[in-house]
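Scroll down for the structure; my scribbles are underneath it.
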Amino acid sequence: MPTPSTRLNGQFALVTGASSGIGAAVAKALAAHGAAVAVNYSHDADGGNAVVKEITDAGGTAIAIGADVSKEDQVQAMFQQAIEHFGTLHIVVSNAGIQVDSPFVEMKLEQWQKVIDVNLTGQFLVLREAAREFIKRGVQPDVSRAAGKIICMSSVHEVIPWAGHVNYATTKGGIMQLMKSTAQELAPHKIRVNSIGPGAIKTPINHDAWATPEAEQKLLTLIPYNRVGDPADIGSLAAWLVSDEADYITGQTIFMDGGMTLYPGFATGG
Ligand code: BGC
């Protein structure tokens with residue numbers, strides 16, 4: 001578990017796609033810093049419940065909520081359930097995302113659509129419900145300087161093109177403008193919207209890229225800092241970014257990637 005603090009005491013958070021990987025680590029980090037957390041899962045109820053148990057065993061507060069973020073009615077029901085349970089929300093981390101990889105010319109419309117639906121439409125639906133709740137409630141000065149904080153989980157592929165993953169990279173590019181445009185529109189309501197752009201982090205989504213020493217060695221050629229990231233790296237950043245210590249940051253993507261976005265090939269070429 002991350003080092004505990006009271007930085008997010010009295011705040012209520014929702015993390016989508018939190019039954020494993022980066023979402024689970026973010027949920028645990030927010031809880032360790034004092035937030036009560038709704039742990040969303042889409043199909044992996046056991047994973048969601050295990051994250052809740054880990055948080056509550058460590059003395060934190062959490063509930064699990066099932067919902068597919070690509071479905072409007074399910075997203076609305078998830079927010080309703082979280083808000084009924086906690087009273088309101090102050091932090092929403094829109095993390096749920098998938099990869100369905102295929103060479104471009106062989107990509108089926110369903111493979112394209114599924115990734116757009118979860119990774120991009122899901123972000124729209126989650127951000128819209130979050131903004132509605134934050135605007136309705138407004139700032140609670142004894143809780144936070146902002147009415148609400150949103151993090152979109154993006155990727156280095158927001159800026160790095162990715163052959164064989166065109167659907168995925170397209171959603172991450174789209175998330176950038178969703179994040180920036182909503183940040184601009186919602187700032188007058190004291191709502192901060194930012195993205196985290198993880199590089200290669202050891203999670204189930206990219207298991208094959210780090211699972212064997214050979215694969216990991218190949219992956220490290222893309223990472224100047226020479227280590228594959230841990231989900232807890234992203235958890236720490238998220239817990240800080242939604243805190244009042246970061247109150248003046250909005251509309252930004254913070255890449256956390258060990259230098260993957262530094263064009264590593266140019267270290268010896270060019
Ligand atoms: C992808 C991972 C990949 C990483 C770096 C992430 O957005 O989901 O599969 O390892 O980017 O390329």
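Order of listing sets the numbers, starting from 1, for every ligand and every atom in it.
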Check your understanding: Among Q11, K149, Q140, which residue meets the side-chain hydrogen bond (donor to acceptor under 3.5 Å, both in side chains) test with H90?
Key ->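 Of the listed options, the one satisfying the test is Q140.
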Check your understanding: Under a 4.0 Å heavy-atom limit, does K172 contact ligand 1 with its side chain, its backbone, both, or neither?
Key ->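 Contact part for K172 vs ligand 1: neither.
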Just to check, does [X] reach to within less than 4.0 Å of ligand 1 when the distance is taken from its heavy atoms?
X	result
M260	yes
A209	no
W210	no

Considering only non-hydrogen protein atoms, determine which one is nearest to [atom] and report residue, atom name and distance to 0.1 Å.
atom	result
atom 6 (C) of ligand 1	Y168 OH, 3.5 Å
atom 4 (C) of ligand 1	G199 O, 3.7 Å
atom 12 (O) of ligand 1	H157 NE2, 2.7 Å
atom 3 (C) of ligand 1	W162 CH2, 3.8 Å
atom 1 (C) of ligand 1	Q99 OE1, 3.2 Å
atom 10 (O) of ligand 1	N206 ND2, 3.2 Å

Check your understanding: Residues sharing F266's hydrophobic cluster, by side-chain heavy-atom contacts under 4.5 Å among ILVMFWY, directly or via others?
Key ->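 Traced through the cluster, F266 reaches Y263.
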Check your understanding: Should the pair Y168 and W162 be assigned to parallel (<30°), tilted (30 to 60°) or perpendicular (>60°) ring geometry?
Key ->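 If you compare the ring of Y168 with that of W162, the planes turn out perpendicular.
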**Study point:** Interfacing atoms of ligand 1 (cut-off 4.0 Å, heavy-atom, S155)
**Key:**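 Counting from 1, the qualifying ligand atoms are 6 (C), 7 (O), 11 (O).
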**Study point:** Under 3.5 Å donor-acceptor, N95 side chain and M153 backbone
**Key:**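 Pair absent, no side-chain N/O of N95 close to backbone of M153.
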Review point. When you measure from the side chain of D233 to the backbone N and O of D230, does any donor-acceptor pair fall under 3.5 Å?
Key: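 Judged by distance alone, yes, a pair lies under 3.5 Å.
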Review point. Looking just at side-chain N and O atoms, do E158 and T253 make a donor-acceptor pair shorter than 3.5 Å?
Key: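 Present: a donor and an acceptor within the cut-off.
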Practice item. Could you list all the ring-ring contact (aromatic ring centres under 6.0 Å, His included) pairs where at least one residue sits in residues 111-142, not counting sequence neighbours? Key: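 As it turns out, there is no ring-ring contact (aromatic ring centres under 6.0 Å, His included) pair with a partner in residues 111-142 once direct neighbours are skipped.
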Point to revise | For V39 against A27, the heavy-atom pair lying closest together | key: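 Of all heavy-atom pairs spanning V39 and A27, the closest is CG2-CB, 4.2 Å.
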